[in-house]
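To start, the structure under review is shown below, and the notes come after it.
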Amino acid sequence: MTIEQNDFGNHENSLSSQERNGLYKAIFSRRDIRSHFLEGKDISNDVLVRVLNAAHHAPSVGFSQPWNFILIKNRATRNKVKESFEKEFQKSILSLDDDTLRQKKYSSLKLEGVMESSLNIRVTYDSTRFGPFVLGRTSVPETGAYSVCCAIQNLWLAARAEGVGVGWVSILSIEDLKKILSIPHHVNPIAYLCLGYVSEFADKPDLEKANWLPRLKLNDVIYYENWGRIHEKGRWSDFSSAVNTIEEQ
Ligand SMILES: Cc1cc2nc3c(=O)[nH]c(=O)nc-3n(C[C@H](O)[C@H](O)[C@H](O)COP(=O)(O)O)c2cc1C
């Protein structure tokens, strides 16, 4: 979608159209980055502070702010993380051995940029922070981890606004990483992120370009009033047409 083509309606509390364009541009042009890192170009302290401060201002269940950010530059540490990736990647390749074509395609994908990026960040979740009672977490314990994911998304978008690429690497052994980074038993690692300036932000996800999976249509993931109802003739029909229109742009 071309953001510039949008004719935004205004509301007294909305951001100016220029500000909204900036936000939507960051959202639509954010990518998961594993290659195209510019090696040797460091992220300045000012930029890194702004990006982490954006993460730290994410919503969190009961305002528990249960995140920590372990900043990792040391190459020996990163080498150990890369070894964990290689081990887990090989394991995951084997889990596809009943589908040799898909296995071949999967093995050819570049799924991490641990060494090529200029900085790695382990984002963790501490369920004991301000606990054991955390307002709002009593029925759904996962809301703690969800809060950390909100922080990660803030970080990802702020980094995009700063021209910094971020890649999330999840093909890692939690136990290996806890040992490598001396993470205490009660703290859960949520994300391993690789950050750095990049030569480009691709227009589409790498996995879409590689024909791994297509982007779903927005209208196919919206249900009306009940699970599974994708077509609504009554009160939602104008909205449903509007969704189709945005997809045609
Ligand atoms: C929880 C999570 C874990 C992910 N783990 C990996 C990973 O291990 N390796 C990888 O290459 N990408 C990983 N990604 C990135 C996704 O593949 C990527 O977001 C998706 O393909 C869409 O591409 P885009 O982020 O460029 O829009 C992860 C993303 C999320 C949200």
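Note that ligands are numbered from 1 as they come in the structure, with each ligand's atoms numbered from 1 the same way.
- Side chain of Trp236 to main chain of Ile230: no donor-acceptor pair is present (N/O by atom type, distance under 3.5 Å, no hydrogens or angles).
- Atom NZ of Lys110 is surrounded by more than 12 heavy atoms from other residues, nucleotides or ligands within 6.0 Å.
- Checked against the 6.0 Å centroid threshold, Tyr106 and Phe89 count as a close aromatic pair.
- A cation-pi arrangement is present between Arg160 and Phe201, with the terminal nitrogen or guanidinium carbon under 6.0 Å from the aromatic centre and inside a 45° cone about the axis.
- The distance from the CD atom of Glu162 to the CG atom of Leu48 is 10.0 Å, given to the nearest 0.5 Å.
- Residue Asp220 places its CG atom among more than 12 non-hydrogen atoms of other residues, nucleotides or ligands, all under 6.0 Å distant.
- In this structure, ligand 1 sits under 4.0 Å from heavy atoms belonging to Arg30, Arg31, Asp32, Arg34, Leu111, Trp168, Val169, Ser170, Ile171, Pro205, Leu207.
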